[in-house]
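A note on names: the letters A, B, ... follow the listed sequences, proteins ahead of strands, and every chain is numbered from 1.
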Amino acid sequence: MREFDYARADSPRQAVSTHGRSEQAAYLAGGTTLLDLVKIDIMRPDQVVDINRLDLNQIETLNDGRTRIGALVTNTALARDDRIKNEYAVLSEALLSGATTQLRNKATTAGNVMQRVRCPYFRDGVSSCNKREPGSGCAAIKGHNRSVHAVLGTSEQCIATHPSDMCVAMAAIGATVTVEGPDGQRDIGFLDFHLLPGDTPEREHALKPGELITHVTLDAPLENSRSGYLKLRDRASYQFALASSAVIVTLEGDTITNARVALGGVGTKPWRALEAEKALKGQKIGEASFTHAAGIAFKGATPYAHNAFKIPLGQQAIVRNLTTLTAQEDRRTS
Amino acid sequence: MSDHHNNEGLGVETFDARSPSRRRFLKTMGASSLAAATAPAWAQIAQAGQQQKEPVEPRDDGAPAEGEQQIQLTVNGVAHTLNVKPNAVLLDVLRDRLMLTGTKKGCDQGQCGACTLLVNDTAINSCLSLAVSHDGDEITTIEGLSQGDELHPVQVAFWAHDAYQCGYCTSGQIMSAVAILNDDNIGSDDASVREAMSGNICRCGAYKNILAAVQDARGKMEGAS
Amino acid sequence: MSDSIIGAGPKRIDGQRKVTGAAPYAADHHPDNMAYGYGVFSTIARGTVTGLDLDAARQSPGVIDIFHHDHFPELHRSPSSMAQGNKVEETRLPFEDNQVHYEGQFVALVVADTFENARAAARKVGVSYQRDDNAIANLDQGVKAHGTQKGQGNHERGDAAGNFDGAAHSIDVTYTTPVENHNPMEMHASVASWEGDRLTIFESSQGVVQQRGALSKIFGIPQEHIRVESPFIGSGFGSKLWMWPHAVAVSAAAREIGRPVQLVVPRQQMFTTTGHRPETRQRMRLATDERGRLVSLRHESINTTSFTDQYVETCGSVTKSLYSCPNLLVSHETTRVNRGTPTSMRAPGAAPGLFALESAIDEMALAAGVDPLEFRMNNYATRDESQDLDFSSNHIREATEKAAEKFGWQDRNPEVGSMRDGHEIIGYGMAACNWEAIKRECEARVSLRADGTAYVTCATQDIGTGTYTIIAQTVSELTGLPLEKITVRLGDTSYPKGPISGGSWTTATTLPAIAAATREAIKELKGYATGEKGDFAGVDSDSDSLTFENGQLTHDGQSVDYVDVLKGQKLASADGHAHTQGADDKYSYRSFGAHFVEVRWDPGISNLRVSRVVSAIDVGRVINSMTARNQVEGAIVMGLGMAHFEATEYDARNGRPVNNNYAEYVVPVHADQPPEVDVILLDYPDLAFNEFGARGIGEIGITGMAAAVANAVYHATGKRIRDLPIFKEKLMENVPEVQSA
Ligand SMILES: Cc1cc2nc3c(=O)[nH]c(=O)nc-3n(C[C@H](O)[C@H](O)[C@H](O)COP(=O)(O)OP(=O)(O)OC[C@H]3O[C@@H](n4cnc5c(N)ncnc54)[C@H](O)[C@@H]3O)c2cc1C
Ligand code: SF4
Ligand code: FES
Ligand code: FES
C-alpha cells in the first residue's frame, strides 16, 4: 500500500466535500475490496475518505412497501434481518453464499454494489487490460478465462464477470440506488447502475466522480412470491460463483403467474434475464418450461476457451432453482 | 479428556523457571546477542503470547509525527494510544507495534482467515482493516481469550481434540469459533458450523477435529447457543 | 505394554502454546531495531532486467536500502548436497545476475523501517525488461521446444514391451497432473540478524541443519557461526525442506545494513519462488493374462523442471514394487519450462504417480473384467521385486479388506451410474496407498535433571506432526517421568543434528536417537549411583540387577529416586548423547494402505462431492494415536483437494501464473470436509525397522486419494478423468465447443 491521506467523515455532505470530484479519492467502507486492491497496487488513491461512522446503518420499510437499506448496513446484518429473510429470501441467501463470515461482517451494501472484478489480468497489474488501462487490450479473451469470466454481456474489450452475489438478487428484486454527490442527490435504477463493458470497460457504474451511495431501496416484494438463490462453484463454500441464479416466482396452482430471473457468475454485470422471465410467465411448472426458459436466458451467449461450461451450468442453475422453489410449499412470502 | 482449564502441561512449555527480571533481560538484549545466550532466542517471544502471565503494558506513543494520526485502541482490555500512518494495517500494528503476535498473517488479502480477531465482538479479517479506522474500538485477540491461567473453553476443546497440526491457522479458527458460538443466528448443526467456518482455511486439513472441538465447546461456554 | 504411553493418544505438549497464540513462528520475532524487507518480483517469465528506476522508491518514507543485481554482495553458490547437509532446490542465488527465468523471481529487495513503508516503496520500484518471447509456459511447449532430459529413479526388469503386445488384456493410457502449490498457511519468512560474522536466522524451516549448511557455503562462514531456529512452523508440506532465495536475500541485506531484517514472502510469490509440485504427463501401459494377472507394466513420466535446476518427480517410485509383475519399466524424464524450481510436495512422486497407477489399475481391472478390489488382491506383490527383497512388514491385504468391509464395498453395484439417491448418483472407488519408509542418522541429547525434569534437544523440527509430543512420550516411556516433567526443544541448530522433517522419516529417525540418548543418561546416572559416593557404591553399574524404572533406581530391593542420586552428589544432571544410524538394507521398508471413497454427482447442477472416505493404513507402530490419525485425516483432505480443485494455472502465451492467490487457487475449506472420514490404523510394529516399530505417517494418506476419487467418479458417471483436477466441466454433457484462437 502506498501512502495516502486519510479523513473520517461525519456526514454524507462532509464525505462528499472531502472527496470532491477527484478520481484519486476513494470512499472506505468495509475495505474488503478497496484495501485488497490498494495492497496489490491496482487502486492508488491519494485520499481515502472513511465513511464508516456515517449514520447509514438502518434497514427501513417505507410506506409504499419498499425497503430502504443504508449504504453501511453490513452483508451480515442485511442477510439476517427478519424482513429480508421473510420477504426477500433470495437476497438473504445470496448474501450468505458470498465470501466468508468474516468478510461479510465487514462488507457493506454499497461496497458490495461497488466491488470490482476478480479477473486475474486486471489484478496482476501488468497484463494488458482495458479496464485497468484503457486501450491496452484484454489479456483474458485469449488467455485463461475459466472461473471469473463471463459468457453474457461480453465485448471485444472486456469479459470479466461482475462478481457480486448480492447484486444478482437485487437485480431480480428490482431496486434503486440513491446517491449524494457534488451536484446533489439522485436516484439510479439498479439495472442501470452497472454498465456493460462495451467499448469502455473502465466505466463500471453510473456514479459520477465523487458521488456517494447513501441507500439502496428494494422494490416491494412480489405478493405471494417465493424466491431463492442457487450458487454453483467448485468447492462447497467461499468461492465466487461459476454460475448462480436468483429466482422469484408467483404461482397460481401449477401456473407461473410472474417470474424474475437474474444470473451471477456468467454476466459482465448482475444479469437480469428478462426474456427468460417472459417465457416462464403463463407456463405450467415443470422441467420442460424451465429448460426452455433457461435456454432463452443464454441465447446469444459467447463461450471462451475455458468457460464454455458456464452456458449449460447457468441453465442448470435456473432449472434447479425453479424446480426447488416450485416444489416447495413453505417458501411463500407475505 | 478431562477439563484442563489451567496450566497443566505448562511446565513443559514455559521455559524453565525464568524470573521476570531474566525475561526482561532477554527482551532488551535483542536477538543477536541472544544467539550466544543459553536459552533459545525464541524464548523471549513466549511472553508476548502469554498475555495472561505478563499483560501487555499500555502503550502511549506521545505526539504524532508528521503523516501520522493518533488513535486509541483497546486491545484485550488494555487501552493504547498509538500513532499510526494511514496505510498501517490493524494486523501489522498489533503484531509489530504491540507485539501481539498471536494473530497470524496467512495471505494479507482477506483470503485465509488466519488474521481473524474480534472488533467490538464481531469477527473480521484484520488484514483488510486500516488501524486508523479502528480508533476507539475494542479489539479481542487470541491473547485476550483466557482469563489468567484459565483457558477459554474453545481453547480447551481445541487442545483436547487435537484441532490443529501446525497451529498456524489456530488463532483464527478459535476466534471464529468463539464468534460463531456466541451468535444465535448461526445454526448449531455440523453443516452450519462448517459453512460459517469456511473462511478459515486449515491447509493441514484438521477440519474434522476443529468441528469436534467447536461442538464440544458449545454448551461449555456461557451464553453459547 | 498395554499401559505404555507409546501408542496412547496424549494431547500435545505444545498444545497450550498453539491455542493461546504463544507459539512463536518465524515472523513473530522482533529483535531490537529490526527493519522490514519487501520484495520486487519479475513480471516476465523469461528475459533480462535492463534497468531499475529506484528514485521514487529511495525517496519513499523510511527506506534504508534497495538491493538488486547491481547492488548485492558477492556470495557463493551452495553445492546443494543433501549428504553434505547443504541442499537447496534453487541453486541460483538471488540477484546473481540480471537474468529472469520465471515470473515472480526476486528482482529487488526494499528494506525500510516498517512493513508498510517497505511495501509502499517496493511498489514504486520501476523495472524495465528485455522480454524473451520464447518463454516456455507448460510441459507440452517444453517437450516440443527442446525435448526431455533423463531423470533418476528408473527401473527395468523382464521385458515389458515384449509381453505387452499379444497379452490377453491391455491398456495404453496417459494421465496428466497440473502444478500444485503447497500453500502452507504460514508464508515463508525469515528474520536475520548478524553480530560480527555470526548470523542468527529465524526461519520457517523443515530443515534447520540443511539450511545452516547451505548458508555456511553461501556466505563462506563456518557453520558454528550460524544459528538457524525454527521452533514452530506454519507447516510446509515440502516447500520448507530446503532454503529458498528469500532467506539468502534477507541474510545478505541484514549484514549490509547492520540491522536485523524480517522478510515474508507474499502469498502470490509462494506460487513462484518457493517451489511447487511440477506438472506431469504419465503414460501407462499395462497388460494382463486371461485371469487378470499383470504380465507387463510400464510407467513413463515426464515432469516440468526449471531452467536453473533439475528436479525429478519420481512418479514411478511406487510402481516398481506395489504389484507383482515380472516385466516392468519405470522411467522418469524432465523438460524445462519458465517456472521456478519445483520441489517435493507431500508424497513427491507417489502422489501424482499413484493417481496414474491406481487409476490405470482400475482401468485394467475393468478391461480384464475383474472387480477392482479383487484385481488388486490378486496382484499385490508379496515381496519387493524391484530390489529383490522381502518387505519388512506388509499388511496391505488386511488393510484393503478391513477398509472395504467398513466402507461397504460389497454393496457396490458395479454397473456405472447404477446407484442413486434423489438427484444424486453415487460412485464408489478405491485405490491403494503406499510410501517408502526411511530412517536416517540422527543425534540427540537427553538430560535427567536434579529438579526432577528431563530436558531433550534435537535439531529436527515439529512441523505440526506432533514430534514434540512423541519425543516426550519416548522419554517418558523409558524414564517413567510424566510428560509434564519433560521439556523438549527442537528446531535449533545449536542442538544435536537432527533430520529434516520430510519423507515421513522424522519419527523413525529421531525416536531411536532419543531412546539411545535417554539410555545413555540413565547409564551415566547409574554410574553416579554406583560410584564411590553413590547410594549403590560398589555395585556393578552394568549389572542387570540395577534397574531404572519410574524414576527410581533399584538394586536388591532397595530403591532410590534418581533426583536424590543427583542431589546427593550436588550434580545438576545425568546426560546422554546419542548418534544413531540410518536403516539397513536387509528389507524393503514401506508403508501400505487403501482408500475407499464415495462420491456424489448431481448431474442436474453438475455438482461433485466426496461424501465418505474410509482408509486403512499400515504404518507399523503408531506412537501417538491422536496425532497419527490427524495426519492421515489431513492428508485425505489434501488428497481431496488434489483430486477435485487444485491446479496452478499459467497463461499459455507467456507463462504468467494466473491464479496465484488463496482465493482462486481452490483448496478444500471446512464445508468440503466429507461428513464421514474413517481412518483405521493397523498398528503392526515393524521391529525390523527400528525398536519402536514405527514407520512414519505424514505422506502416505495423500497417496492414492486422487485415484480413489477418480475411480469413484468413473463408477458414478462413466467418465474416466485422466487429467487432474476433476473440474465439473470434465463431467458435464453439452459443453459447447470453442474454436481455440
Ligand atoms: C477473498 C474474497 C472473497 C470474496 N467472495 C465474494 C463472493 O463470493 N461473493 C461476493 O458477492 N463478494 C465476494 N467478495 C467481495 C466482497 O463482497 C466485497 O469486497 C464487499 O462487498 C465490498 O464491500 P466493502 O464495504 O468492503 O467495500 P469497500 O472495499 O470499502 O469499497 C469497495 C469500493 O466501493 C467504494 N465505495 C464504498 N462505499 C461506497 C459508497 N457508499 N458510495 C460510493 N462508493 C463506495 C470504495 O471506494 C471502493 O472503490 C469477496 C471478497 C474477498 C476479498
Ligand atoms: S476481461 Fe476485462 S478486466 Fe480482464 S483483462 Fe480483459 S479488460 Fe481487463
Ligand atoms: S491474513 Fe487476513 S485473511 Fe489471510
Ligand atoms: S493447523 Fe496448520 S493450517 Fe490449520
Side-chain angles (χ1 to χ4, degrees), chain B residues 1 8-13 30-33 35 40-42 45-46 49-50 85 87-89 92 96 99 101-103 105-109 111-112 114 141-143 146 151 155 158-160 162 164-171 174 194-195 197-198 200-201 203-209 211, chain C residues 11-25 28-32 115-116 120 183-187 193-195 198 200 202 227 229 231-235 260 266-267 463-465 483-487 489 492 626-627 630 633-634 637-638 661-663 667 669-671 673 677:
Chain B
M1 285 274 119
E8 197 222 79
L10 211 77
V12 188
E13 288 311 314
S32 49
S33 43
W42 59 280
I45 274 297
Q50 309 239 317
K85 299 221 311 182
N87 65 349
V89 170
D92 298 324
D96 296 344
M99 303 297 160
T101 54
T103 310
K105 187 189 284 189
C107 70
D108 220 5
Q109 289 197 281
Q111 300 171 347
C112 76
T141 69
I142 187 77
E143 289 95 345
S146 42
L151 295 183
Q155 293 174 310
F158 267 63
W159 193 5
D162 212 41
Y164 46 53
Q165 286 173 22
C166 72
Y168 200 79
C169 72
T170 308
S171 302
I174 289 176
R194 284 201 172 102
E195 169 59 34
M197 297 277 295
S198 283
N200 290 91
I201 292 174
R203 184 55 163 159
C204 294
Y207 294 129
K208 187 178 169 184
N209 290 354
L211 178 77
Chain C
K11 55 185 192 167
R12 297 185 195 221
I13 65 168
D14 53 340
Q16 168 142 358
R17 315 192 84 209
K18 286 182 173 171
V19 301
T20 55
Y25 298 81
D28 296 344
H29 295 91
H30 292 80
D32 284 351
F115 175 73
E116 51 270 16
N183 267 318
M185 284 304 290
E186 180 198 19
M187 300 181 283
S193 4
W194 292 81
E195 201 180 17
R198 290 177 177 269
T200 299
F202 300 99
R227 184 170 182 184
E229 294 187 54
F232 284 92
I233 109 165
S235 208
R267 181 59 64 180
I463 59 172
T465 41
L483 293 182
E484 302 82 70
K485 299 266 185 200
I486 301 165
T487 299
R489 299 275 180 83
D492 183 337
M626 184 150 76
T627 57
N630 196 346
E633 288 167 358
V637 172
M638 195 176 268
N661 63 70
Y662 232 148
V667 302
V669 296
H670 274 283
Q673 173 72 27
V677 172

Over all heavy atoms of both residues, which pair between [X] and [Y] is shortest? Give the atoms and the distance, please.
| X | Y | value |
| --- | --- | --- |
| K208(B) | V677(C) | NZ-O, 2.7 Å |
| T101(B) | H30(C) | CG2-CE1, 3.7 Å |
| Y164(B) | V19(C) | CE2-CG1, 3.7 Å |
| T20(C) | Q155(B) | CA-NE2, 3.7 Å |

[atom1]-[atom2] distance between [X] and [Y], expressed to the nearest 0.5 angstrom:
| X | Y | atom1 | atom2 | value |
| --- | --- | --- | --- | --- |
| N661(C) | Q109(B) | CG | CD | 6.5 Å |
| E116(C) | K85(B) | CD | NZ | 7.0 Å |
| K18(C) | C169(B) | NZ | SG | 10.0 Å |

Applying side-chain contact (heavy atoms from CB on, under 4.5 Å), can you list everything that pairs with E195(B), at least two apart in sequence or on another chain? S237(A), A671(C)
Which one, [options], leads in non-hydrogen pairs under 4.5 Å with chain C?
| options | value |
| --- | --- |
| R194(B), M197(B), R203(B) | R203(B) |
| I201(B), N209(B), T170(B) | I201(B) |
| C107(B), A206(B), C166(B), A114(B) | C166(B) |

With a 4.5 Å limit on heavy-atom distance, are the side chains of C112(B) and M185(C) in contact? yes
So do the side chains of F115(C) and V89(B) get within less than 4.5 Å of each other, counting heavy atoms only? no
Would you please say whether a donor-acceptor pair under 3.5 Å links the side chains of H670(C) and N200(B)? no
Results of salt bridge (charged side-chain N to carboxylate O under 4.0 Å, His left out) for K105(B) - residues two or more places apart only: D92(B), D108(B)
Residue [X] versus chain B: region with a heavy atom under 4.5 Å:
| X | result |
| --- | --- |
| T465(C) | neither |
| R12(C) | both |
| V637(C) | side chain |

Return the option, out of R198(C), E633(C), E186(C), M638(C), with the maximum number of heavy-atom pairs under 4.5 Å with chain B. E186(C)
Any sub-3.5 Å donor-acceptor pair from Q165(B)'s side-chain atoms to S235(C)'s backbone N or O? no
